[in-house]
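Scroll down for the structure; my scribbles are underneath it.
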Amino acid sequence: MKYQSIKGTRDVLPEEQKYWRYIEEKIGSVTSRFGYQRVEPPIFEETALFLRGVGETTDIVEKEMYTFIDKGKNSLTLRPEYTAGIMRLYLENGLHSLSKPVKLYSIGPVFRYERPQAGRYRQHTQFNVEALGEQEPSVDLEVMSVAWLLYAELGFSGLSFQLNSTGCPNCRPAYVEELKNFYRRHSEAICDDCKRRLERNPLRLLDCKVKSCQQISADAPVIHERLCEECADHFATLRLYLDTLGRPYRINHRLVRGLDYYTKTVFEVWVQGIGSQNAMCGGGRYDGLIEQLGGQATPGIGFGSGIERMILGMREQNIEPPKLPDPFIFVAHMGKAADLRAVELVTWFREAGLSALMAFGQRSFKSQMREANRLAVTYAVIVGEDEITANHATVKNLANGEQQAIPFDQVVAVLKQACERQRC
RNA sequence: GUGGGUGUAGCUCAGGUGGCUAGAGCACCAGAUUGUGGCUCUGGAGGCCGCGGGUUCAAGUCCCGUCACUCACCCCA
């Protein structure tokens, strides 16, 4: 085969549409109940926005961005995540003048150059939620609840939050220093990756999967025990909310995110069964980000959730989305005059709001009926020489086999009525 | 970037120790029923056995290389 899709990308085929439609409907329904409004920034931005917004030493920026120079010699990048672009959109369009918090969501593709594996693609579709301008922990709860309610209504079982606080500029530096000192004492024993992390991204030391490193990290200082008063209060209040609602969560002091902008709350929602990617969504608070991008100091919190990962999880848990409606009418025709009448009929049906299909060209009547059956239509409308002569259509109900003659000028009204009766 | 697995029909896959004229199921087309679907039966179409090289009388099968896909690590949705 000469051409094939790019590594890490995938084609969405008709078979999968019911999942997409179902998820998009649920997203629309849940977000509207929480009062979130949809916005869509372009899929590419100035590269500098992501360098500043995501963090220059993050893996995403260092090795995963699709960056290119356009014909005007500008450095542009396909968005590797939503948040930076949403912050730009918020500032550029003056959304800060709206009443706070400003609650936004988006659905669209994001791009990262990574090695693909189950549930991870170079282009994937992300559902993204942001709440801007409010620092109360009840907003953290609300944002987390959007994710929770979405997955619950999609039918997922075994959901739980993973929760941590990464502190703020007042308390994190001291903690990071303590953490580095702890690991320096074990610098002989940790793996090579961790030796790099020790200097570049110490928080990620806690997240190492190597067994010997995990034994060490079990004794490492724990951040949520070293938060400043403000962060500790915030964390405690959020936990109180979760306890009150009875939402299952686990404090995971290893949960540190790869993006620089997170402060205080970080969370994921886990579901079992999609390979090594057990997180359905990941997000957190980023109280310093907007200021860093040149706006007024504005707190914010959000998360991203991969649609392809949701579909994978639904398949894993045998969650069957409602199937798309089958077409209602198939027009079978025999002979030249009938072909013209069939073209007229499907046109009338469609203009009346009914779904109607027909066979193209002169095919055997049997094969047309077979096709009608395969399409799972409710009615076959049969037009042959007999019908042309008699000026009526033969309408066959494929479910019970009954058929009757209906004059051509009444067939649309009759089937329209039948459709309304069974809410097709 | 690192490690494992797999490449045979549109799809899912069989093809011990090399002997194939390369198979099955599903899907597709047609006929049995010259104007009636589903079920059944019969037939048909559909393959450079990923690609290149090597060993051999003989390679889908063995060897080398290569590409692709895939799972996992890193990281992340």
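Chain letters run A, B, ... following the sequence lines, proteins first, then strands; residues in each count from 1.
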Along RNA chain B (nearest heavy atom to each residue), the more 5'-positioned of A:Ser364 and A:Gly304: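 Nearest-nucleotide comparison on RNA chain B picks A:Ser364.
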Residue-phosphate contact under 4.0 Å: [X] side-chain N/O, [N] OP1/OP2:
X	N	result
A:Lys366	B:G31	no
A:Arg374	B:C28	yes
A:Gln368	B:G37	no
A:Gln117	B:A72	yes
A:Arg112	B:C75	no
A:Ser367	B:A30	yes

Interatomic distance at P, B:G53 relative to B:C71, whole Å: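 Here B:G53 and B:C71 have their P atoms 32 Å from each other.
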Pairwise P distance for B:U61 and B:G16, with rounding to whole Å: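 Result for the P pair: 11 Å, nearest Å.
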A:Phe330 vs A:Tyr379, ring pair (Phe, Tyr, Trp, His ring centres under 6.0 Å): CA-CA, chis, key distance, verdict: CA-CA 6 Å; A:Phe330 185 87; A:Tyr379 288 100; over 10 Å; no
Residues A:Glu308 and A:Thr125: side-chain donor-acceptor under 3.5 angstrom: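 Yes.
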Check: A:Gln404/A:Thr394 side-chain N/O donor and acceptor closer than 3.5 Å: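 A:Gln404 vs A:Thr394: no donor-acceptor pair found between side chains.
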For [X], report the nucleic acid contact type (base, sugar-phosphate, nothing); a contact means any heavy atom under 4.0 Å.
X	result
A:Tyr121	base
A:Glu387	base
A:Lys7	sugar-phosphate
A:Gly401	base
A:Gly282	sugar-phosphate
A:Asn128	nothing
A:Thr125	nothing
A:Glu308	nothing

Distance under 6.0 Å and angle within 45° of ring axis: A:Arg315 vs A:Tyr19: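 Relative to the ring axis of A:Tyr19, which defines the angle, A:Arg315 lies inside both limits.
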Side-chain donor/acceptor contact of A:Arg120 with base of B:C75 under 3.5 Å: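 Such a pair is found, so the answer is yes.
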By nearest atom, which of the nucleotides [options] is closest to the [X] side chain?
X	options	answer
A:Thr394	B:C71, B:U36, B:G31	B:U36
A:Arg370	B:G38, B:G35, B:A68	B:G38
A:Asp386	B:C75, B:U2, B:G35	B:G35
A:Ile382	B:U2, B:G35, B:G31	B:G35
A:Met369	B:U36, B:C71, B:G31	B:U36

Nucleotide paired to B:A30 in any strand shown, Watson-Crick or G-U, under 3.5 Å: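 For B:A30, the partner nucleotide comes out as B:U42, under the 3.5 Å rule.
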A:Phe34 backbone acceptor or donor facing A:Lys103 side chain under 3.5 Å: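 Checked: pair present.
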Parallel, tilted or perpendicular: rings of A:Phe161 and A:Phe267 (30°, 60°):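 Ring orientation of A:Phe267 relative to A:Phe161: perpendicular.
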